[in-house]
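Notes for the one structure printed next.
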Number of protein chains: 4
Amino acid sequence: MRFKDPQKEKQKSNLSRSALRRQRDREHRYQTILRAAEALISTDGYHSASIEQIADKAEVSVGTVYFYFKNKEDLLVQLLDEIGYQLRSILGREFRKEDSSMAGIRNAGRVFFEEFCRLHPGRVAIIFRESVGQGVRVEEHRKQIFHKLIGDVRKALTRIGEAQDIEYQSRLSAEVMAVSIMGTSERIAYHYLIWQNRPHDLETIGPDVIDFIVGGINNLCQNNSREGNEP
Amino acid sequence: MRFKDPQKEKQKSNLSRSALRRQRDREHRYQTILRAAEALISTDGYHSASIEQIADKAEVSVGTVYFYFKNKEDLLVQLLDEIGYQLRSILGREFRKEDSSMAGIRNAGRVFFEEFCRLHPGRVAIIFRESVGQGVRVEEHRKQIFHKLIGDVRKALTRIGEAQDIEYQSRLSAEVMAVSIMGTSERIAYHYLIWQNRPHDLETIGPDVIDFIVGGINNLCQNNSREGNEP
Amino acid sequence: MRFKDPQKEKQKSNLSRSALRRQRDREHRYQTILRAAEALISTDGYHSASIEQIADKAEVSVGTVYFYFKNKEDLLVQLLDEIGYQLRSILGREFRKEDSSMAGIRNAGRVFFEEFCRLHPGRVAIIFRESVGQGVRVEEHRKQIFHKLIGDVRKALTRIGEAQDIEYQSRLSAEVMAVSIMGTSERIAYHYLIWQNRPHDLETIGPDVIDFIVGGINNLCQNNSREGNEP
Amino acid sequence: MRFKDPQKEKQKSNLSRSALRRQRDREHRYQTILRAAEALISTDGYHSASIEQIADKAEVSVGTVYFYFKNKEDLLVQLLDEIGYQLRSILGREFRKEDSSMAGIRNAGRVFFEEFCRLHPGRVAIIFRESVGQGVRVEEHRKQIFHKLIGDVRKALTRIGEAQDIEYQSRLSAEVMAVSIMGTSERIAYHYLIWQNRPHDLETIGPDVIDFIVGGINNLCQNNSREGNEP
DNA sequence: GATGAATGAGGCTTCATTCAT
DNA sequence: CATGAATGAAGCCTCATTCAT
């Protein structure tokens, strides 16, 4: 949780009971507002969701929204950061579990669809739709978040490569694969969840997508690949 | 060229010289405005680019913009349609040339990066960034355009499958692959062109991406794929 | 008259009749708004006078105000410039008429009270009250205007000094006198016009003030002054 | 010290020790807040200085500010009163020392520049800039303060006149001179301290200004003045 | 057809003030 | 008394859109 003026947070560990309670209330209000913003932005769109509507939905006044968030953009950025953090947590967990085999990638793919997309379609809409094309500051945040996610995937791929003594086609290959994996997952989620609203189909589609990704990776792992493997 | 109000286009084939000239002028103005919009929207963003700025850049008045386009949204939609049309043309050409082999996919990928992304980075920004998250009507158009592109790719994949007597893992597989291919291409372009501004790197990255895609397709073509092909 | 985008003004001298008329309309609207602002600001105060009120009084929409003026501050700044220009014109005329004698100063004082203060009490309120304490940008303009006015007076004093072969007490004396004259005139106007609302009394007070000023000047002209002239 | 609600000041002369201490604390807090307000208002301006900033600077809470001051305006008014009181004290002292000769005026001028302006430039900014144009209630206070100051000067002038058997040009002359003296001093301070930030120059300028003022007074004291004294 | 001035709804944001703890 | 979170009125400003000339 980040406040407008984080420097004001009392660092004293021996907070009085009422101070503790106040802090809890603060956290609670912050969350309430953020949840209201998430709901409205993901359904109505970033521009259509006015601060007043968000305040109404959160049952607070407009001023209170501005007490917790610098401005409307900040609301979106906090949401974005939260979603980015969640994604990295989920994926990181899988990567760590099965460190240097393709199973880590497979599992990460599975949880992306099952635990993130299916359970949080609103967040899919925010990170893949509403935060796009909203000006430089938001874009900069998006870029950082994707940068980190791609970095995570790239590191996982590199580890797999090292563990299995595979050489990638080029210096950039690991990164290119990571970016490709992101793109594939993103558009699949967007297509079947947002555009076609078929969340249940993700069950059958997910495995296909993962196979696609795994096949892609394998194909980039063999340096005899470029011409030899046409059917 | 589509006008705001389906104009009473003179159907007489024997148009007078001045009428012909007027029609040419019209077409020219329409293009001028659309080009100005393309330039401004791709650099400044859809919201930051005001109608007045677009009019100024096109050296026409605000009223003239509204003569040729219903509203601001329409400007973006026309741009989107144009870009979608261009993409389908380029890719369709490649698909048609090498009808039922993976080479068609490979070539389509190549021209996507070389002839579309490298030559028209502004259009990449518009179709993949500025037209996202701009309300329902624009989104509907985006959806249709992607639907068609995905359909094209799916058909190409199906034809390859049929020609080579391959069975896909599931009924949806061809579509899933098409969507995956779109996603991969899109994010690679976005990442290296828009975020990292390394257009020259696309030369080395492109082939890698295509290998990734081809590998993904191959892996989904074999029904023994899911467990047998880990490195 | 200064517009928001002065660069757009067509420089062609052969303006069509309708273009000329449009220009006249523009000028007229600009004046209407400025006059409304002058009236409201001088009576209600800069902060109390809202843009909406000004627009209402000028019988235009809020948008129109912003078509002619960049923002609220700009409205005040334009007003200030106008008043500054008027003052310099009135005083400059008197200085030029009687170039190098104290009569120039006397006449300038007279017209300041008779032609400026008495006829335009609202402008007195704006330049001496409402434009004070309104932030750095307005203050900067005020400073420039006073700088010019003081410069005009200083030059007049210097010319008188040269013509009559007088030596001032110190290098700065002419400037100090000019500033003093400004201060005296300003507060007299403020006191009797704004605070005491006795415009008619300016008739009798004016001459007294002018005598005060003239006495002050004379006293600074003689280098034997500092100790010799106590009553 | 004046409180918001005329507090139920304990009238018992035998205040308990803790009550005394509480009173001291109160006075101290009041001063701390007023000093914070003085500093912020004189540098940032009355409008830019928010209550929260003032509270922060004074290291108290916003609520505490409102315990000691009715509202923001009151903060400015108290400051104004304090400054007005200081000025009258300083000047009154000089007037009393040399009661009925021009030396009193001279000394008052000197201490105004040396003891008030030079030592308290922030207060100069507040009384001559930040309290101007801030609405009717503040203006009313300013008027009262200036009224008293002018009254003091007028009385001093009258006393001088009586002592030396001088007749002023008109019934209003003493007041007019007093107002003129105020204006001169005010703008000189404003010009050289606030606009030009040359506090050290006041040393040389001060005497010049005082000579100007003395000359002005003398010139209004002789009824043969109006036409006879041109150089 | 072209122009560009005029419109005004709508949104964001600020900040003085209050009041429950 | 002190706190500081909450309030919400109020104001500024933008900009897509219209329409008389």
Side-chain angles (χ1 to χ4, degrees), chain A residues 3 5 8 16-19 21-23 25-26 29-30 47-55 59-73 75, chain B residues 7 22 25-26 29 47-56 60-75, chain C residues 3 5 8 16-19 21-23 25-26 29-30 47-55 59-73 75, chain D residues 7 22 25-26 29 47-56 60-75:
Chain A
F3 281 111
D5 295 319
K8 273 202 198 164
S16 69
R17 208 168 307 162
S18 70
R21 180 198 184 143
R22 216 182 286 156
Q23 183 135 345
D25 284 1
R26 251 170 100 114
R29 267 273 170 42
Y30 178 91
H47 274 99
S48 303
S50 73
I51 292 286
E52 205 181 317
Q53 278 171 47
I54 292 169
E59 297 184 293
V60 297
S61 70
V62 171
T64 302
V65 175
Y66 280 90
F67 182 78
Y68 287 97
F69 300 91
K70 195 151 49 70
N71 50 32
K72 196 183 176 186
E73 211 176 36
L75 215 35
Chain B
Q7 307 268 331
R22 223 180 293 146
D25 282 2
R26 263 196 189 186
R29 274 251 162 84
H47 274 100
S48 303
S50 71
I51 293 286
E52 197 180 325
Q53 278 171 45
I54 291 168
D56 279 0
V60 298
S61 69
V62 171
T64 302
V65 174
Y66 276 88
F67 178 78
Y68 287 98
F69 300 90
K70 190 151 53 71
N71 50 32
K72 194 182 176 185
E73 217 175 31
D74 191 39
L75 216 35
Chain C
F3 281 111
D5 296 319
K8 274 202 198 160
S16 69
R17 209 167 307 161
S18 71
R21 180 201 185 141
R22 216 181 289 157
Q23 184 134 348
D25 284 1
R26 250 170 100 112
R29 267 274 170 42
Y30 178 91
H47 274 100
S48 303
S50 74
I51 292 286
E52 205 181 316
Q53 280 172 45
I54 291 169
E59 296 183 295
V60 297
S61 69
V62 171
T64 301
V65 175
Y66 281 91
F67 181 79
Y68 288 97
F69 300 90
K70 195 151 50 72
N71 49 32
K72 195 182 175 187
E73 212 176 35
L75 215 36
Chain D
Q7 307 268 330
R22 221 179 295 145
D25 283 2
R26 264 196 187 184
R29 273 250 162 83
H47 274 100
S48 302
S50 71
I51 294 285
E52 198 181 326
Q53 278 172 45
I54 291 168
D56 278 1
V60 298
S61 68
V62 171
T64 301
V65 174
Y66 276 88
F67 178 78
Y68 289 97
F69 299 90
K70 190 150 53 70
N71 50 32
K72 195 183 175 185
E73 216 175 32
D74 190 40
L75 216 35

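- The shortest non-hydrogen separation linking Glu52(B) to Val62(B) is CA-CG2, 4.1 Å.
- The listed nucleotides are dT3(E), dC1(F), dG4(F); the one nearest the side chain of Arg26(D) is dC1(F).
- Atom-to-atom, CD of Glu59(A) to P of dG8(F) comes out at 13 Å; the value is rounded to the nearest Å.
- The structure places CD1 of Ile54(C) at 9.5 Å from CZ of Phe69(C), a figure rounded to the nearest 0.5 Å.
- A donor-acceptor distance shorter than 3.5 angstrom exists from the side chain of Lys72(D) to the backbone of Ala49(D), with no hydrogens or angles considered.
- OP1 or OP2 of dA5(E) has not a single side-chain nitrogen or oxygen of Tyr68(C) nearer than 4.0 Å.
- The side chain of Ser61(D) places an N or O atom within less than 4.0 Å of a non-bridging phosphate oxygen (OP1 or OP2) of dT3(F).
- In this entry the distance linking CZ of Phe69(C) with P of dT14(F) reads 15 Å, nearest Å.
- Base pairing annotation: dC19(F) forms a Watson-Crick or G-U wobble pair with dG4(E), both donor-acceptor distances under 3.5 Å.
- dT14(F) atom C1' lies 15 Å from atom CD1 of Ile54(B), rounded to whole Å.
- For Phe67(B) and dT3(E), the CZ to P distance is 11 Å, given to the nearest whole Å.
- Atom OG of Ser61(C) is separated from atom CZ of Phe67(C) by 11.0 Å, given to the nearest 0.5 angstrom.
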Discussion item. As a quick check of understanding, evaluate side chain to side chain contact (heavy atoms under 4.5 Å, CB included) for Asn71(D) and Ile51(D), giving each step before the final call.
Written reply: CA-CA 9 Å; Asn71(D) 50 32; Ile51(D) 294 285; over 6 Å; no
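- Classification of the Tyr30(C)-Tyr68(C) ring pair by plane angle, with boundaries at 30° and 60°, yields perpendicular.
- Both distances falling under 3.5 Å, in either a Watson-Crick or a G-U wobble arrangement, place dG10(E) opposite dC13(F).
- As rounded to whole Å, 10 Å separates atom P of dT13(E) from atom CG of Leu75(A).
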Fill in: Contact state string [nucleotides 16-21 of chain F, B base, S sugar-phosphate only, - no protein heavy atom under 4.0 Å]
SBB---
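- Map Ser48(D) and Arg29(B) each onto its nearest nucleotide of DNA chain E; the residue landing nearer the 5' end is Arg29(B).
- As rounded to whole Å, 13 Å separates atom C1' of dT3(E) from atom CG of Asp56(B).
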